[in-house]
Amino acid sequence: MNEKTTCDILIRNTSILDENFQIRRSIFIAIQNGTILSITSEEPSCLTATETIDGKDLLWMPGLIDGHMHTGQQLLKGAVLDELPMIWTRIMLPFESTLTPEKMRLSASLAALEMIKNGTTGFVDAGSYFMEEAARVYLASGLRGALSHSSMDQGNFPDSIRQTTEEVLASEDRLFDEFHGKGNLKVFYSLRALMNCSPALIRATAGRATERNTFFQAHMNEYAGEVNYTLEKFQLRPVEYLDSLGVLNADFLSAHSIMVSAHERSLLAENQVKVVHCPFSNCGKGVPDTPSLLEQGICTGLGTDGTAHGGLSLWNEMKIFRSVMNSFWGVKNADPAVMPAKTILKMATENGAHLLGEEKSGVLKEGFKADLISINWRQPHLLATNNPVNTLLECVCGNDVSDSIVNGKLLMRNRQVLTLDEEKILWQAEKYFTSGEVSE
Ligand SMILES: [Zn+2]
């Protein structure tokens, strides 16, 4: 007689988006110890589950990964649309220089809520201040994430955020020592922007990341002003400049990467650098040559650039990305499939897992990490479609996400967030926006 074994979660009679981006129906998913134990078309007979989910009307897929966001700018929602340049030096940094531990706790709470409710299960924060406070909130949220300390040793900034090279490195080390590997969190090293980092800081940051077996990241090739800066100062484009310092490698995340030359693309490919585009934010700056990046085998993912750039919904980013790619690259080459739905979904899931340095993740497959979300498919804007994968990209929005599981743990069930106090966080946010103070 078969002995019953137990699993943590059993999802019964559901649909999934499989590793080949095909929809499979009447599927049973068993989750145990943070991983996907089995995906079967028949109910596993010798399995009892601690929690059973009726999967009828749901489509399960890998959770979305936000490859570039800013927790420290969460309270800037709505503050930058239509603003003249440079919003980074005129609005973002002055605001970040006024952050406090309380504001960071509220920022991380709101960001975590927004991500969970939009189906994001993992994220890479680009770096800010009081990140220890954010880390504690993210730990409690159950999200998978990589955090960084904002790293700049050059530039005329307010005293509260001005740091020497040694101070920057010490701040990054402290964050790493306390939180790397804790719960679902990692700590990455970061270079905020090349214009604000000395060569010594760039070398030391990359060196620290290698020594500690983690990733490092920078805003790259985002503005003409930044490209012109390295051209003027070093007669090299930004990626060429990093190559001259010997710091390009597979552990480097090159955020944005809009104005990238053919030579820089080959350097990214040779050194296996990973790229993250932020479509809504990037629209104001340029259109990346993603078809060529992907053709050259460069791992490319998607990010939101933080909630100040149109919110933390990767569903929005995917739709905007598809529209921009088609209008810019597709139309001029009469190629309607220049960026197909499957490619974009892969960028936001499987490639996203690579951006986080996760192995066996980003795909619904036995033995892979149980980071998955469900879409409530029984709705007029989704039901009855000729191609559910296309509909996933074209029509699904954050509000359609019903459940979220990270590392085998339910973070949201039927749109109720289980790990955070949503009512309290919304109350705090309202209070903040009326009084400018954080009430706890
Ligand atoms: Zn950014």
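Quick caveat: nothing in here was measured; it's all calculated off a predicted structure. Both counts, for ligands and for their atoms, begin at 1 and track the order of listing.
A search for side chain to side chain donor-acceptor pair (under 3.5 Å) contacts involving S327 returns nothing, not counting sequence neighbours. Legend: residues meeting side chain to side chain donor-acceptor pair (under 3.5 Å) with E422, ordered by chain and number and at least two apart, are K117. Residues satisfying the side chain to side chain contact (heavy atoms under 4.5 Å, CB included) criterion with N399, sequence neighbours excluded, are C397, R415.
Judged by distance alone, the side chain of N351 and the main-chain N or O of G301 form no donor-acceptor pair under 3.5 Å.
For the side-chain hydrogen bond (donor to acceptor under 3.5 Å, both in side chains) test with H70, the passing option among D305, D125, T304 is D305; the others fail.
By the criterion of a separation under 2.8 Å, the protein N/O/S atoms near the Zn ion (ligand 1) amount to H68 NE2, H70 NE2, H219 NE2, D305 OD1.
Using cut-offs of 30° and 60° for the angle between ring planes, the Y229 and F234 rings count as perpendicular.
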